[in-house]
Protein chains: 2
Amino acid sequence: MTSDSSPESSNDAARVYDGVRRGIVEGDFLPGSRLVEQRLAEKFECSRTPVREAVRRLESEGLVVVERNRGARVRPLTEHEIADLYDVRARLEGYAASLAASRHEHADLVVLRRALDRFERATDAGLRSRDDRAVVRELDAANAEFHEALLTMSRHTRIRSLVHSAVDAPLVFQALQHFEPGELERSATFHRLIADAVTAREPERAERLMVEHVLQGRDTLLAGLSAFDDVADLFAGRRG
Amino acid sequence: MTSDSSPESSNDAARVYDGVRRGIVEGDFLPGSRLVEQRLAEKFECSRTPVREAVRRLESEGLVVVERNRGARVRPLTEHEIADLYDVRARLEGYAASLAASRHEHADLVVLRRALDRFERATDAGLRSRDDRAVVRELDAANAEFHEALLTMSRHTRIRSLVHSAVDAPLVFQALQHFEPGELERSATFHRLIADAVTAREPERAERLMVEHVLQGRDTLLAGLSAFDDVADLFAGRRG
DNA sequence: CATGGCCGGATTGTGCGCAATCGACGGCGC
DNA sequence: GCGCCGTCGATTGCGCACAATCCGGCCATG
């Protein structure tokens, strides 16, 4: 689930936005840590102006919190908030899936199938070596492509940004899901079922399957979190 | 549904944000019209820097669109998009209502009741003179207070901003709803029923009622729109 | 020892100027 | 008359400096 702005965006603000966002998602900026404008400006070799813009955008997307005159920090998340976000996400993506089933055009199906295949290949690789960073990154990218394809097919101008508001913040924990045994296969299965329901233009089934898929992901993640309470503490911003 | 930042924010950026937002919602800036940074800076008596911040924030909330190096304009909406936004809103606020029914604390009910009373008073005034701008503004404010109260009671940190993403843009048309005969009473009735379901801690009923309430609003609005096709054209940015 | 006011460094908020970019207009050749 | 190209004005993108604000520590006082 990456943003619309491609990483090689020519303007500085978008470049900083992509960089900081990736830094947050991949764990280089830990939750609770401060994002000082001057520091980021030096890191990305530009002035504070585009940095400000990037940070404010991240704020409006819920990845960082800024307090007036006190600056920005990476938003810490409690287990409770993660669960809530996944519940909203389930509803939003479920709705998107039902729209996709109703509204898709033939060309969309090609894109969807390609995303499906990519995810299955990534799954195979992931089953062999799930601690290879490149493999994990490919898994996440393939997963994002599948979900993005459905958002596009829904023909709903705004739903993409709405889904991102719910999805992006918990993305920090994404990696945890891949370590749960069976989760990769489960995801692949659901992706296929969802694609089938959408292809057959069955909105209700597509919605139900998507809701269940997302809730599965929620539970896997929460299970992984409580298995690593110290990690949970870390991500909640309670530095030790 | 007004933003969290109170209008008397000491901050220039927030002041401009509030001002432009109000200008869009109240029709002073028509959809499709350009928002030139320098112009806004003069109007709000500050430099372009805070104006930029305000405009970018409005962009991320979907009220304006900006094209690179070409500036911002008030986002035009098609009837189709309005319908889609209301559908998402129904689901999101329905979810929020069910959460509110499950999670509210006793003190919340006082706030909810006050909002309810305020809306009923505003309704009475509205039935007498529905073309008085002050009365309409009070109606909108009371309505916003009711919906905001439920969002607060849902104890879901992020749902407020999600709902606003779906609600804010079509707010431009809000006024149209008040002219549909019977709509004010219908709204008041639903508000009361929703409040009752929430108070009685019945999440499913609260959700159903809220979904229906929002969809009623959608239909009223669309009916009003097609009754004024020229107005619709105007708001869609097709200037004549 | 607890408390409150004061000061200095760090960081954000804002103003302002210049360079880059885009669209419109008009001149040129055909 | 029509399409192409260069120039120009309008506007945004960005860098930079100064002002406003906040936090921590220090000191005086009770």
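Sequence lines set the chain letters: A, B, ... in the order given, protein chains first and strands last, and positions in each chain run from 1. Side chains included, hydrogens not; waters and symmetry mates left out as well; all remaining heavy atoms used.
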B:Arg70 vs D:dT12: side-chain N/O to OP1/OP2 distance below 4.0 Å: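 Result: no.
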Taking A:Arg57 first and then A:Glu61, would you say they form a salt bridge - that is, a charged N and a carboxylate O separated by under 4.0 Å?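 Salt bridge between A:Arg57 and A:Glu61, a charged N being under 4.0 Å from a carboxylate O: yes.
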Less than 4.0 angstrom from a charged side-chain N to a carboxylate O is my criterion; do A:Glu105 and A:Arg155 meet it?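 Salt bridge flag = yes for A:Arg155 with A:Glu105.
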Atom [atom1] of [X] and atom [atom2] of [N]: how far apart are they, to the nearest Å?
X       : N      : atom1 : atom2 : result
A:Glu53 : D:dT12 : CD    : C1'   : 11 Å
B:Arg39 : D:dT11 : CZ    : C1'   : 11 Å
B:Arg73 : D:dA10 : CZ    : P     : 17 Å
A:Glu37 : D:dC14 : CD    : C1'   : 14 Å
A:Glu67 : D:dC22 : CD    : P     : 11 Å
B:Leu40 : D:dT12 : CG    : P     : 9 Å
B:Arg52 : D:dG15 : CZ    : P     : 11 Å
A:Arg15 : D:dC14 : CZ    : C1'   : 12 Å

Give one of base, sugar-phosphate or nothing for A:Arg34, where a contact means two heavy atoms less than 4.0 Å apart.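 Sugar-phosphate only.
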Students often get this wrong, so: under 4.0 angstrom with heavy atoms, is B:Arg56 touching a base, only sugar-phosphate, or nothing?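 Contact class for B:Arg56: sugar-phosphate only.
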Check the side chains of B:His178 and B:Asp140 for a donor-acceptor pair under 3.5 angstrom, ignoring hydrogens and angles.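 Side-chain D/A pair, B:Asp140 to B:His178: present.
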Between B:Arg160 and B:Thr152, is there a side-chain donor-acceptor contact under 3.5 Å, judged purely by atom types and distance?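 Checked: B:Thr152/B:Arg160 side chains pair up, N/O donor to acceptor below 3.5 Å.
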Out of D:dG13, D:dC14, D:dA17, which has the shortest distance to the side chain of A:Asp12?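 Nearest listed nucleotide: D:dC14.
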Go through A:Leu109 and A:His104 one step at a time and tell me if the side chain to side chain contact (heavy atoms under 4.5 Å, CB included) criterion holds. CA-CA 8 Å; A:Leu109 295 179; A:His104 71 81; 3.8 Å; yes
Divergence of helical axes at both termini of the helix from C:dC1-D:dG30 to C:dC30-D:dG1 - five pairs an end, 10° steps: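 The two end axes of the helix from C:dC1-D:dG30 to C:dC30-D:dG1 meet at 10°.
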Under a criterion of less than 4.0 angstrom to any heavy atom of chain B, what are the 5'-terminal and 3'-terminal contacting nucleotides of DNA chain C?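 Taking any atom under 4.0 Å from a heavy atom of chain B, the span is C:dG13 to C:dG23.
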Does any N or O in the side chain of B:Ser33 come within less than 3.5 Å of the main-chain N or O of B:Phe29, such that one atom is a donor and the other an acceptor?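 Judged by distance alone, no pair lies under 3.5 Å.
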State, to 0.1 Å, how close A:Val55 and A:Ala72 come at their nearest heavy-atom pair, and which atoms those are.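 Between these two residues, the closest heavy atoms are CG1-CB, 3.6 Å.
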Might you point out which heavy atoms bring A:Gly94 and A:Met210 nearest each other, and give the distance in Å?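 Shortest heavy-atom separation between A:Gly94 and A:Met210 comes out as N-CG, 3.7 Å.
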Would you kindly compare B:Leu35 and A:Asn69 by the position of their nearest DNA chain D nucleotide and give the one closer to the 5′ end?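 The residue whose closest nucleotide sits nearer the 5' end is B:Leu35.
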Can the ring centroids of B:His164 and B:His147 be said to lie less than 6.0 angstrom from one another?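 For B:His164 and B:His147, the ring centres are not under 6.0 Å apart.
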